[in-house]
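What follows is a short report on a single structure.
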2 protein chains.
Amino acid sequence: MTTGIEAYLHTHTRLSDEEIARIALAATPRSLRRNELLLQEGQICRHKAFVVKGLLRNFGVVADGSEHILQFSPEDTWTLDAESYDRSTPSAFNIAAIEPSELLLWTRPVFNRLLEEIPELHALSLQLISRNGYNSRQRLFAALSATPEEKYNGFVRDCPDLVSRLPLHMIAAYLGISLKTLTRIRHAQWQQR
Amino acid sequence: MTTGIEAYLHTHTRLSDEEIARIALAATPRSLRRNELLLQEGQICRHKAFVVKGLLRNFGVVADGSEHILQFSPEDTWTLDAESYDRSTPSAFNIAAIEPSELLLWTRPVFNRLLEEIPELHALSLQLISRNGYNSRQRLFAALSATPEEKYNGFVRDCPDLVSRLPLHMIAAYLGISLKTLTRIRHAQWQQR
DNA sequence: TCCGATTATGGTCAAATGACCATCTTTAGT
DNA sequence: ACTAAAGATGGTCATTTGACCATAATCGGA
């Protein structure tokens, strides 16, 4: 029986079946209801996590109460808030479920044990953190340089699956534009065909 | 005689004097003139680097020729383009000197050798990559959520030294606002006192 | 030291964006 | 299946922002 993580590790690493099983067995399952918080701003991130099913968002909240979304869970995979986890500092952002979700969690002692037993896990961790930084940087450049329409088109290009899964106001919060502007863009593109 | 990196490693790591000397000796010095490119978009990043003196910018260029700055060199330290270095893929961005600068460079084989000899260097590398991702993420959040004035005030708060070192159009390119808007903000804050 | 290039500031104007409000539709959870 | 909540769209308006222009000041390299 494959819970999702086995398949992931099979295709993304060279770990043996035995190692993969050990990793999966060490995890604690966790379910999240829609909008349930997994990590709250100010809390210390105490887990590595793998999203088996569902969709999460990583977001910050500003003074007027509005949300701004840094990433969705496919990119979040494994790391949650890397800075908070690594340094045991309060997390700067929140993580919550968008859809009902199923996760696997590893506490720090459990995961450290796995890292000792399975050195190749180090490489994966490093790769994920590095990839995460790369994504943030690409997104930063888009935020600095692209027009709202370019941002939206880029999102449709890069995450076509998410376009239909997400409410528009979250896409707007992800792109850093207002819901109104997003609606206008889509309206214009509709008429154009 | 301290070239700058010795002092840095003394205060930021627990490396011994002997190890520090070995790291410094393995490096190749490099000077950059004002505006000289260290890494060009599309090139593969083949070095780790330490900025002994001067100031660099990491930037992308869009269709109309305008620059958008991702970071300045204090944060760049050591990593240059981590993604390009680690995976030997073409760099997505450029790095150039703002002021005449002095660097130390390590090619991949040389640096790998150091990593083998000095395991603690791994920890430093990881920390720098991780920190870099954290900075990108913080900046992304600011880009998504802050007004131009908030961005500028944040920059003055976080990098007071750079405010006087940089031409305004670069600050604007860093904050993702137009030079005109930046001038307006400063003008308003001037009158307010 | 000097000259050319870079940098800073200001004015005007058009356009894009966001805030607010209302309405209609769809969705989710019981 | 039903109902309340959430989501999507549209209209209007004020504001901000950026583009373009010109000019003055400053800086940097020979």
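Throughout, protein chains are lettered first and strands after them, A, B, ... in sequence-line order, and every chain is numbered starting at 1.
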What is the separation between atom [atom1] on [X] and atom [atom2] on [N], rounded to the nearest whole Å?
X: B:L175; N: D:dT17; atom1: CG; atom2: C1'; result: 15 Å
X: A:Q191; N: D:dT9; atom1: CD; atom2: P; result: 13 Å
X: A:N35; N: D:dA5; atom1: CG; atom2: C1'; result: 12 Å
X: B:E36; N: D:dG28; atom1: CD; atom2: P; result: 18 Å

- prompt: Looking only at heavy atoms, which two atoms of A:L140 and B:A143 are closest? And how far apart?
  reply: CD1-CB, 4.3 Å

- prompt: Just by protein heavy atoms under 4.0 Å, how would nucleotides 3-18 of chain C read 5' to 3' in B, S and -?
  reply: ----SSBBBB----BB

Between [Y] and [X], is there a side-chain heavy-atom distance shorter than 4.5 Å?
X: B:R57; Y: B:E67; result: yes
X: A:R137; Y: B:N58; result: yes
X: A:L15; Y: A:I23; result: yes

task: Enter the inter-axis angle for the ends of the helix from C:dT1-D:dA30 to C:dT30-D:dA1 (five pairs per end, rounded to 10°).
output: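 Helix axis angle between the two ends: 80°.
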
task: Report yes or no: is the cationic atom of B:R46 (NZ for Lys, CZ for Arg) closer than 6.0 Å to the six-membered ring centre of B:Y85, at no more than 45° off its axis?
output: no

query: Checking A:R165 against A:F72: charged group under 6.0 Å from the ring centre and within 45 degrees of the axis?
result: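 Checked: cation-pi criterion not met.
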
- prompt: Does a donor on one side chain and an acceptor on the other come within less than 3.5 Å for A:R186 and A:Y152?
  reply: yes

task: For A:N94 and A:Q43, test the side chains for any donor-to-acceptor distance below 3.5 angstrom and give the result as yes or no.
output: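 The criterion, which ignores hydrogens and geometry beyond distance, is not satisfied for A:Q43 and A:N94.
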
